[in-house]
Structure formats: C-alpha cells, structure tokens
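What follows is one structure encoded as structure tokens, with my remarks underneath.
All chains are named by letter (A, B, ...) in the order of the sequence lines, taking the proteins before the strands, and each is independently numbered beginning at 1.
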Amino acid sequence: MESPPTLLWFRRDLRLSYQAALVAAVGEGPVVPVYVLDDETPKHRRMGAASRWWLHHSLTRLDAALREKGSRLILRRGRADAVLAELAAETGARRVHAIRHYEPWWRNAERAVAKRIELVCHDGNYLAPPGSVTTGGGTPYKIFTPFWRALRERMPPAVPVAAPDAIPGPAQWPQSDALADWNLLPTRPNWASGFDDWTPGEGGARERVAAFVDHASRYDEQRNLPSIEGSSRLSPHLHFGEVSPATVWHCVADAGGSVETFLGELGWRDYAQNVILQFPDYAARNARDRFDALPWRSSPSELKAWQQGRTGYPIVDAGMRQLWATGWMHNRVRMIAASFLIKHLLIDWREGERWFWDTLVDADYGSNAVNWQWTSGTGIDSNLFVRIMAPLSQSEKFDAAGYIRRWVPELAGLSDTAIHDPDAAGCRPRGYPAKIIGHREARERALAAVRSIG
DNA sequence: AGGAGGTTCCT
DNA sequence: GGAACCTCC
C-alpha cells in the first residue's frame with residue numbers, strides 16, 4: 001500500500017531550486033503541489049492587476065517545470081484553509097509543507113490552515129527569518145542601518161540546494177482548475193502588451209540573475225541613472241519567489257567587484273518584512289501618528305494626472321508612463337514620483353501606495369508600504385517630511401534625458417538641457433501639459449501644511 | 001545586572 | 001524625534 005501524499009502549498013515561492021518546503025515534502029514520499037488563488041483571505045489586499053498578469057505566466061512555467069520532474073501543479077480557488085482541507089480529504093494527505101510568509105493575511109491564513117491540518121512552515125524567502133534579527137536588548141530593529149549591520153554579521157546565507165531530480169506523485173491526481181478560467185490576464189484593453197521585456201518564472205529569473213552578474217560591479221555607479229540598465233530588475237522575480245535571495249546573494253558575491261551596495265538592497269528587502277511583522281497595518285497607518293492630522297489635499301483630477309503621467313514634470317511623467325507600460329519603474333524615479341505626489345501635490349501617500357499596488361509587477365506589501373512611508377517621512381525610519389525632493393534637479397543630476405525621450409515621446413525633440421524643464425526653456429511642445437504646480441509654490445505649501453500640525 | 005543618561009545618526 | 005548603542009554606576 002502506497003503512503004499518503006503530502007501537500008506542497010505554493011504561494012510567493014514559485015520555484016523548485018532551494019525550495020525548502022519541496023525538499024521536505026519529497027523526503028516524505030508522494031507530493032501534491034497546489035497553488036490556491038485566494039482572493040478572500042487578503043480581503044481588500046488581494047493581488048493587483050499587474051501582479052495577476054505575472055502570476056499567470058509564472059504558474060504556467062511552474063507547472064511545466066514540475067511536469068519535467070514527473071509532477072504537476074494543481075490549481076484551486078477559494079479560501080486557503082478550506083481548499084487545503086478539502087484537497088487533503090480528497091487525496092488522503094495529512095500534512096502540508098509551505099514556505100512561511102509575513103503579510104498579515106498570510107499569517108492569519110497559516111493559523112487557520114493549522115487548525116484543520118498539520119502545517120509545516122519553512123524559511124527561505126528572506127536572507128534571515130524575519131523577526132530573528134534583534135538588538136542587544138532582544139527586541140526587533142526599527143531602523144534600517146543597525147538592522148543591516150546585524151544581518152550582515154550573519155551573512156553569507158547558507159548555500160542554496162538544487163531542485164530534486166524527480167518529484168514523486170500520487171497514484172491518482174486530483175482535479176485541477178484550468179488556469180485560463182482564472183482570468184488573470186487583461187482582456188480589453190490589453191494594457192500588458194508592453195510587458196514583453198519580462199519573462200516570469202524560474203527560468204526567466206535565472207536569466208536575469210546571470211545578466212545582472214555581468215554588470216553587478218558597476219551597480220554602485222549606475223543604479224541611480226534611469227537612462228541606463230544599471231539596476232538588477234530582479235524585484236518581481238524575488239517577490240514571486242522564483243529565485244531565493246540566498247541564490248542571488250551567492251551569484252552576485254561570487255562575481256566579485258564592489259557589490260556591497262547591492263547586497264544592502266537585498267537587506268532592505270528583509271528589513272521591510274521585519275517592519276510589517278512588527279506593524280502589520282503599516283500600509284494603512286502613519287507610523288508617526290502626529291501625521292494623522294496633516295491636511296492632505298483631495299484632488300481626483302490631480303491624482304489622475306499623476307497616475308497618467310501628465311503633471312508637466314518630465315521625469316515624473318516618464319516614470320509614471322514607464323510604470324503603466326511595463327509594470328515597473330526605475331527605483332530612483334519611484335522616489336521622485338512618490339515624493340512629487342506626497343509633497344508637491346500634497347496627496348496622501350496611501351493613494352500612491354494603492355496605485356503602485358495595482359500597477360507594479362513587483363508589488364510587495366512590505367516593500368511598498370515601507371518605501372512609501374519612508375518617502376513621506378511618516379515612517380518609523382525617520383527621513384523628515386520637510387526634506388522635499390526637487391524633481392527638476394534630480395532629473396538633471398541623474399542624467400534622465402534619454403529616459404524621458406523614451407517614455408515621453410512628445411519631448412523627444414528637446415535638447416539634453418531643455419528636456420528636464422521645457423517650461424523654463426521656453427520650448428514646451430503643444431500636447432505636453434504645463435506644470436501642474438510650480439516647484440517653489442508646492443514646496444511652500446507642503447512646509448506650511450507640516451507646520452500646521454506642530 | 002540592569003537602568004539612567006549621553007551621544008550619534010537616520011537609504 | 002527617537003532608535004540604538006555606549007558608558008557609567
């Protein structure tokens with residue numbers, strides 16, 4: 001008589017290499033890999049549209065990779081605890097293996113699953129298990145730099161384990177939904193037609209890592225230049241767990257050169273999870289609650305102008321259009337565009353967080369919330385509200401002319417010097433909007449707003 | 001040992 | 001402002 005299968009519950013860990021839950025499940029006999037599309041557990045935090053596009057393709061690749069190893073991916077839809085209990089009853093499984101997640105709704109779901117069936121959670125989506133890096137006093141860190149110092153001490157991470165050669169399956173496979181029925185892809189309009197630079201899935205992640213390793217030694221000098229391919233572009237692959245951060249760490253560190261800045265970015269990713277573990281509602285509340293009294297402006301038309309890239313600030317508009325067209329925005333430009341919404345338009349950072357949640361292929365609850373609160377100055381990690389980025393000087397400083405030409409074609413004919421500020425250069429083309437508000441005026445308005453709350 | 005108070009710094 | 005670490009008792 002064959003032993004009963006165990007369930008392998010995939011979430012944001014869509015890989016076969018260095019997948020601790022997979023290794024554990026295979027060690028116990030037959031495995032039933034399952035992905036549950038659960039829009040009920042996260043409630044209003046269900047995956048955004050761009051993430052769904054990514055998920056569709058990543059699940060396709062994961063199923064293909066599993067089939068090469070004699071397995072397959074079972075797709076089910078519904079509340080994770082109910083679906084897993086049901087699948088366990090169908091297959092005779094008595095245990096679930098999964099990688100642990102730290103979004104508040106996943107922590108709730110893990111508790112709910114554990115009430116119905118034995119759930120074994122594993123680490124591996126972060127450099128160190130979130131919550132495990134603590135201060136001398138034994139409490140979790142709140143500030144990045146001391147957190148990173150302590151985490152760095154514990155590095156490098158353990159060397160990643162390869163995928164198993166074969167994954168045994170059950171005598172009889174349970175039913176699976178058809179992926180197409182989940183309607184994860186856009187239909188009309190197909191806003192994802194420009195997403196073709198991306199290759200979701202573990203293979204695509206591996207290619208991105210390899211491509212990045214070639215220029216990782218220039219990361220420090222090029223990562224802030226949006227006209228250049230200087231960043232790693234690994235964020236969506238890391239978010240969906242198509243590659244583990246430990247794997248990225250070792251590939252990059254082995255490449256040599258000065259990669260410390262990049263490793264720090266991996267550390268920042270861990271830091272964000274540590275913050276949402278301490279403050280689960282970080283995307284919903286100002287960490288410094290005196291900002292609850294800040295007189296945010298309500299302007300649906302200006303919010304829309306920002307979303308659509310029609311603010312009259314070329315660097316902001318280029319970024320917002322790149323986001324819409326490709327599901328991704330260069331990090332330096334994210335900071336400029338976010339700062340512009342918060343300080344120049346004085347619109348609540350949560351509006352921006354929401355938009356990014358829906359439009360980014362790398363939308364991550366922890367990273368998104370931590371980065372928005374950092375930019376706004378409402379976060380646990382300082383950065384003062386009164387530090388207001390000057391979008392035009394940022395655009396010049398980081399040499400964004402080429403980037404603007406690519407994403408704001410109306411301005412493609414302008415010179416390298418005029419393109420950052422067509423109004424000031426007296427050569428704004430018809431069809432490109434005037435500045436929605438002047439820099440000085442916006443700056444003074446923001447400073448007055450923050451002064452008004454003491 | 002553990003708490004008070006000083007210092008430094010904050011992707 | 002306040003977190004984290006240090007020194008001092």
Output the rounded distance in Å from [atom1] ([X]) to [atom2] ([N]).
| X | N | atom1 | atom2 | answer |
| --- | --- | --- | --- | --- |
| A:R149 | C:dC6 | CZ | P | 9 Å |
| A:F291 | C:dG2 | CZ | P | 11 Å |
| A:D381 | C:dG1 | CG | P | 17 Å |
| A:I143 | B:dC9 | CD1 | C1' | 9 Å |
| A:R451 | C:dG1 | CZ | P | 16 Å |
| A:W148 | B:dC9 | CH2 | C1' | 19 Å |
| A:F385 | B:dC10 | CZ | C1' | 18 Å |
| A:F147 | C:dC5 | CZ | P | 13 Å |

Taking atom types as modelled and ignoring hydrogens, do the side chains of A:D317 and A:Y432 form a donor-acceptor contact shorter than 3.5 angstrom?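 Side-chain D/A pair, A:D317 to A:Y432: present.
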Under a 4.0 Å threshold between the charged nitrogen and the carboxylate oxygen, would A:K435 count as salt-bridged to A:D421?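 Yes, this pair counts.
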Carboxylate-amine/guanidinium proximity below 4.0 Å for A:R332 and A:D399: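 No, A:R332 and A:D399 are not salt-bridged.
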Counting only side-chain N and O atoms of A:Y141, is one of them less than 4.0 Å from OP1 or OP2 of C:dG2?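 Result: no.
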Consider the side chain of A:R288, meaning its heavy atoms from C-beta on, and name the nucleotide among B:dC10, C:dC5, C:dG1 that approaches it most closely.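 Shortest atom-to-atom distance from the side chain points to C:dG1.
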Side chain of A:K142 (C-beta onward), nearest among B:dC10, C:dC5, C:dA3: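 Shortest atom-to-atom distance from the side chain points to C:dA3.
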Classify the nucleic acid contact of A:W374 as base, sugar-phosphate or nothing, counting any heavy atom under 4.0 Å across all strands shown.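 Contact class for A:W374: sugar-phosphate only.
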A:F147 vs A:Y271 aromatic rings, parallel, tilted or perpendicular, using cut-offs 30° and 60°?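 Aromatic pair A:F147/A:Y271 classed tilted.
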Should the ring pair A:W191 and A:W324 be called parallel, tilted or perpendicular, given that the plane angle runs from 0 to 90° and is split at 30 and 60?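 Tilted, since the angle between the ring planes falls between 30° and 60°.
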Is A:R45 close enough and on-axis enough to A:W105, meaning under 6.0 Å and within 45°, for cation-pi?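 Ring-cation test returns no.
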Reference residue A:L303; test side-chain contact (heavy atoms from CB on, under 4.5 Å); the match among A:R297, A:E351, A:Q308: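 The side-chain contact (heavy atoms from CB on, under 4.5 Å) with A:L303 is passed solely by A:E351 among A:R297, A:E351, A:Q308.
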Requiring both pairing distances under 3.5 angstrom, list the stems that contain DNA chain B and are made of three or more consecutive Watson-Crick or G-U pairs.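 Ordered by first number, the stems with DNA chain B (at least 3 consecutive pairs each) read B:2-10 with C:1-9.
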